[in-house]
Amino acid sequence: VDRNRPADRPVFSTDHSMEIFLKTGAGKAYYRVGVNAAGESSDPAVEAASTLGADRYDLELRVPFALFPESPLPGAVMWGNVCRNRASAT
């Protein structure tokens, strides 16, 4: 984890990270956010925190429904996909 990453460098450039894709409704529109192992989010409206372990990291996110292309109704089904990105050692 690069805790000294300059603020203008993208979240995904050298750190391990996760990409989360979330979808509500029947349309094709979805919401995407990336978070690196240091807990830095690609979207400032998303609250993210991380815990670093010797062999893992845990992420917690709070994604406001206002960021979704379609706000979910109470009881609505939501879909999601999570992708892990491993940083290379180069």
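All heavy atoms count here, side chains included; hydrogens, waters and symmetry mates do not. Keep in mind that what you see is a predicted model, and the values were worked out from it rather than measured.
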Engineer: For a quick test of reading the model, state the closest non-hydrogen atom pair linking Phe65 to Ser71 and the distance between them.
Structural biologist: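 So the two residues come closest at O-OG, 3.7 Å.
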Engineer: Is Phe21 linked to Leu67 within one hydrophobic cluster, defined over Ile, Leu, Val, Met, Phe, Trp and Tyr using a side-chain heavy-atom separation of less than 4.5 Å?
Structural biologist: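 Phe21 and Leu67: separate clusters.
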Engineer: Can you tell me how far apart CG (Leu73) and CD (Glu70) are? Round to the nearest 0.5 Å.
Structural biologist: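 Here the interatomic distance stands at 9.5 Å.
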Engineer: Compare all side-chain heavy atoms of Val33 with those of Ser41 and state whether any distance is below 4.5 angstrom.
Structural biologist: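 Side chain of Val33 against side chain of Ser41, heavy atoms only: contact under 4.5 Å found.
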Engineer: Could you measure the distance from the CG atom of Leu61 to the CG atom of Asp43? Nearest 0.5 Å is fine.
Structural biologist: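 Going from the CG atom of Leu61 to the CG atom of Asp43 covers 10.5 Å.
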Engineer: List the atom of Ser50, the atom of Ala38, and the distance in Å for their closest heavy-atom pair.
Structural biologist: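 The pair with the smallest heavy-atom distance is OG-C, 3.2 Å.
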Engineer: At what distance, to the nearest 0.5 angstrom, does OG of Ser42 lie from CZ of Arg32?
Structural biologist: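 Here the rounded value is 5.5 Å.
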Engineer: State plainly whether one hydrophobic cluster holds both Val82 and Val46, where clusters connect Ile, Leu, Val, Met, Phe, Trp and Tyr through side-chain heavy atoms under 4.5 angstrom apart.
Structural biologist: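 The answer is yes; both residues are in one hydrophobic cluster.
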Engineer: Do you know which two heavy atoms are closest between Thr24 and Pro72, and how far apart they sit?
Structural biologist: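 For Thr24 versus Pro72, the nearest heavy atoms are CG2-CB, 3.8 Å.
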Engineer: Let me confirm one number: the NE2-CG distance from His16 to Leu59, rounded to the nearest 0.5 Å.
Structural biologist: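 With rounding to 0.5 Å, NE2 (His16) is 12.0 Å from CG (Leu59).
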Engineer: Indicate the atoms forming the closest heavy-atom contact of Lys23 with Ala29, along with that distance.
Structural biologist: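 Heavy atoms of Lys23 and Ala29 come nearest at CG-O, 3.5 Å.
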Engineer: Does either side chain, that of Tyr30 or that of Asn81, offer a donor lying less than 3.5 Å from an acceptor on the other one?
Structural biologist: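 No - no donor-acceptor pair under 3.5 Å links their side chains.
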Engineer: Which atoms form the tightest heavy-atom contact between Met18 and Asn85, and what is the distance?
Structural biologist: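 Closest approach of Met18 to Asn85, heavy atoms only: C-ND2, 4.3 Å.
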Engineer: Quick one: sort the Phe68 and Tyr31 rings into parallel, tilted or perpendicular, breaks at 30° and 60°.
Structural biologist: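 Geometry flag for Tyr31 against Phe68: tilted rings.
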